[in-house]
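These notes concern the structure reproduced below.
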Protein chains: 2
Amino acid sequence: MTTRTTPTKPPGLRERKKQQTRQRIREEAYRLFAERGYEATTVDEIAAAADISPSTFFRYFPSKEDVVTQDEYDPALAEALRARPAGEPTVDAIRAALVGPLGELLDGDREQLLLRTRITFTDPEIRARSVAEQERSEAVLAEVIAERSGRDARDLEVKCAAAAIIAVFTTLMRHWVEGDGKEDLLALYDRHLQLLSRGFDF
Amino acid sequence: MTTRTTPTKPPGLRERKKQQTRQRIREEAYRLFAERGYEATTVDEIAAAADISPSTFFRYFPSKEDVVTQDEYDPALAEALRARPAGEPTVDAIRAALVGPLGELLDGDREQLLLRTRITFTDPEIRARSVAEQERSEAVLAEVIAERSGRDARDLEVKCAAAAIIAVFTTLMRHWVEGDGKEDLLALYDRHLQLLSRGFDF
DNA sequence: TCGATATTGACAGTCACCTCTCATTTGGGA
DNA sequence: TCCCAAATGAGAGGTGACTGTCAATATCGA
């Protein structure tokens, strides 16, 4: 589906400039959000920082919150997961996806990801607005679990499992960000996802 | 802390009217939200429907979103949980809290709760804005789990467990709402929370 | 090089959340 | 009954997200 990688032609100057502008808007926006918070940052300020007119901002992002909530990681996760052998437990498959192609992707713009994730957890406004995204992740994961286990994606148990996994993962991400990304995300994953596959005794 | 139940005096006419107004604002707001969505409903419309001036609306709710996000259930849940014996597994304790005093509370304004919860899940705007609330629930639950298990509330495993429980519960609530509240929430709970205490095999 | 097209900036304007002030009404207590 | 404090309504005003138009500019294809 994602034939984003050079479909037919090499992108011309026009297209490259658009990508640059888009990226610059994002960077400046995140910088300002981190400095003074989401609400306190106006579109005009973002536009000024990115050296574009406010009109142009809205040509790139239909609304202010789209700067934050547009995500590109989900499809990569789903793809990596589907590449895993069918018998493998989902928890293990996710682990494999984390070290595999998804891992490279995360390493690539690790700094941006760290900054962005930090804002997501720090600023309650943004946190609230990123839920829709998280719920999409949940749905995607439920799909994959359903495929792999031969069940229906609308099965309540499947949904619950997906929700629990995402919830634990979110918790780990928050912890990871709070520790400035110094801890090994994979080690955290290994240690705590077992809670779900083995059951916890609280 | 919540000495709300007749602390010293019987509430006078003034206080009763305030409660009525507050309740009327809520009801009309929910009705309008359900009709046309959260964003599409203006404060002026809510005020008009509730027969008050827009100024008065903001005297009762500091912002529009507070009509939705102000929650009164969490403290009740925490209290009910703390009343359970210490040895009892948390999952069982929550179940007990659901049938106990919290259950009555839920039965009391069940209709309002159903309507309100439905909006919460239906309208993405409101859904996003209610996350902060959900995270508070998570923190509260983590506290209780920590108390009961003799661990630290900042223990990552405790946080993960709380997050997973809340996530599953949220999933069940959504399912319950989608089924118009006809299914037995308790039965759903019994059937699916076992996933967490016994571990699932996906 | 040149014309067509896409992108942009300037700018005016709308809409709704929210604040503040001040006069008026209403309930509580003596 | 009368006074005080709380609650309310009316209305003016600020702010920031977002829309639409139009002319200027930059890029592309031939």
Side-chain angles (χ1 to χ4, degrees), chain A residues 6-26 28-30 32-33 35-70 123-126 128-130 132, chain B residues 6-26 28-30 32-33 35-70 123-126 128-130 132:
Chain A
T6 320
T8 49
K9 294 182 176 183
L13 176 56
R14 198 170 265 170
E15 194 59 29
R16 267 179 291 141
K17 278 208 167 185
K18 279 213 300 195
Q19 296 304 331
Q20 283 173 19
T21 302
R22 189 179 195 78
Q23 179 70 7
R24 205 168 61 246
I25 295 175
R26 269 236 173 78
E28 295 301 322
Y30 287 152
L32 291 172
F33 291 165
E35 276 179 18
R36 61 189 83 170
Y38 176 77
E39 285 283 89
T41 306
T42 71
V43 171
D44 284 18
E45 288 168 341
I46 300 174
D51 260 322
I52 53 163
S53 76
S55 326
T56 302
F57 174 91
F58 286 106
R59 288 199 181 91
Y60 280 87
F61 298 93
S63 79
K64 180 182 166 189
E65 70 172 90
D66 281 293
V67 179
V68 175
T69 56
Q70 283 182 8
D123 194 310
E125 278 297 324
I126 298 191
R129 287 164 203 268
S130 70
Chain B
T6 320
T8 47
K9 296 182 178 184
L13 175 54
R14 187 115 82 189
E15 194 58 29
R16 267 181 289 142
K17 277 209 166 182
K18 278 213 304 194
Q19 296 304 332
Q20 282 174 18
T21 302
R22 190 179 196 76
Q23 179 70 5
R24 203 168 63 247
I25 295 175
R26 270 237 173 77
E28 295 302 321
Y30 288 152
L32 291 172
F33 291 164
E35 275 179 18
R36 60 189 82 167
Y38 175 78
E39 285 282 87
T41 305
T42 71
V43 170
D44 284 18
E45 288 168 339
I46 300 174
D51 260 321
I52 53 163
S53 76
S55 328
T56 302
F57 174 91
F58 286 106
R59 288 199 182 92
Y60 279 87
F61 298 94
S63 80
K64 181 183 166 187
E65 70 173 88
D66 281 294
V67 179
V68 175
T69 56
Q70 282 182 8
D123 194 311
E125 278 296 324
I126 297 191
R129 287 163 203 267
S130 70

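No hydrogens, no waters, no symmetry mates; every other heavy atom, side chains included, goes into these values. Chain letters run A, B, ... following the sequence lines, proteins first and then strands; every chain starts at 1. Model, not experiment: these values are computed from the prediction.
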Is any side-chain heavy atom of B:E15 closer than 4.5 Å to a side-chain heavy atom of B:Q19?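 B:E15 reaches B:Q19 side chain to side chain.
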
State, with a plain yes or no, whether a side-chain heavy atom of A:R22 is found less than 4.5 Å away from one of A:I25.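 Side chain of A:R22 against side chain of A:I25, heavy atoms only: no contact under 4.5 Å found.
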
Between [atom1] on residue [X] and [atom2] on residue [Y], distance to nearest 0.5 Å:
| X | Y | atom1 | atom2 | value |
| --- | --- | --- | --- | --- |
| B:Q23 | B:E28 | CD | CD | 10.5 Å |
| B:D66 | B:Y60 | CG | OH | 15.0 Å |
| B:Q20 | B:K17 | CD | NZ | 7.5 Å |

Within the 4.0 Å heavy-atom criterion, would you say A:F61 contacts the bases, only the backbone, or no part of the nucleic acid?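 It contacts nothing in the nucleic acid.
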
Give the nucleotide from the list [options] with an atom nearest to the side chain of [X].
| X | options | value |
| --- | --- | --- |
| A:K64 | C:dC18, D:dA6, D:dA17 | D:dA17 |
| B:S53 | D:dA7, C:dT7, D:dA10 | D:dA10 |
| A:T56 | C:dT8, C:dC18, D:dT8 | C:dT8 |
| B:K18 | D:dA7, C:dT8, D:dG9 | D:dA7 |

Rounded distance in Å - [atom1] ([X]) to [atom2] ([N]):
| X | N | atom1 | atom2 | value |
| --- | --- | --- | --- | --- |
| B:Q20 | C:dG27 | CD | P | 11 Å |
| B:Q19 | C:dG27 | CD | P | 16 Å |
| A:F57 | C:dT7 | CZ | C1' | 17 Å |
| B:D66 | C:dT19 | CG | P | 11 Å |
| B:R14 | C:dT25 | CZ | P | 16 Å |
| B:E15 | D:dA7 | CD | P | 8 Å |
| B:R22 | D:dT8 | CZ | P | 11 Å |
| B:F58 | D:dG11 | CZ | C1' | 15 Å |

Does anything in residues 36-52 of chain B reach DNA chain C, meaning a heavy atom under 4.0 Å, and if so which residues?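 The stretch gives B:T41, B:T42, B:V43 as the residues lying under 4.0 Å from the strand, ordered by number.
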
Is there a side-chain contact between B:Y60 and the phosphate of D:dA7, meaning an N or O under 4.0 Å from OP1 or OP2?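 Checking D:dA7 against B:Y60, no side-chain N or O comes under 4.0 Å of OP1 or OP2.
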
Check whether any side-chain nitrogen or oxygen of B:K17 sits under 4.0 Å from OP1 or OP2 of D:dA7, and answer yes or no.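 No, outside the criterion.
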
Can you say whether a donor on the side chain of B:R16 sits under 3.5 Å from an acceptor on the base of C:dG27, or the other way round?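 No, the side chain and the base share no sub-3.5 Å donor-acceptor pair.
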
Any donor-acceptor pair under 3.5 Å between the side chain of B:S55 and the base of D:dA10?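 Between D:dA10 and B:S55, which were checked side chain against base, a qualifying N/O pair under 3.5 Å is present.
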
Using modelled atom types and a 3.5 Å cut-off, is there a donor and acceptor pairing between side-chain atoms of A:R36 and backbone atoms of A:T41?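 Side chain of A:R36 to backbone of A:T41, a donor-acceptor pair under 3.5 Å: no, none is there.
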
Once salt bridge (Lys or Arg N to Asp or Glu O under 4.0 Å) is applied, do any residues pair with B:R59, and if so which ones, sequence neighbours excluded?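 Not a single residue meets the salt bridge (Lys or Arg N to Asp or Glu O under 4.0 Å) criterion with B:R59.
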
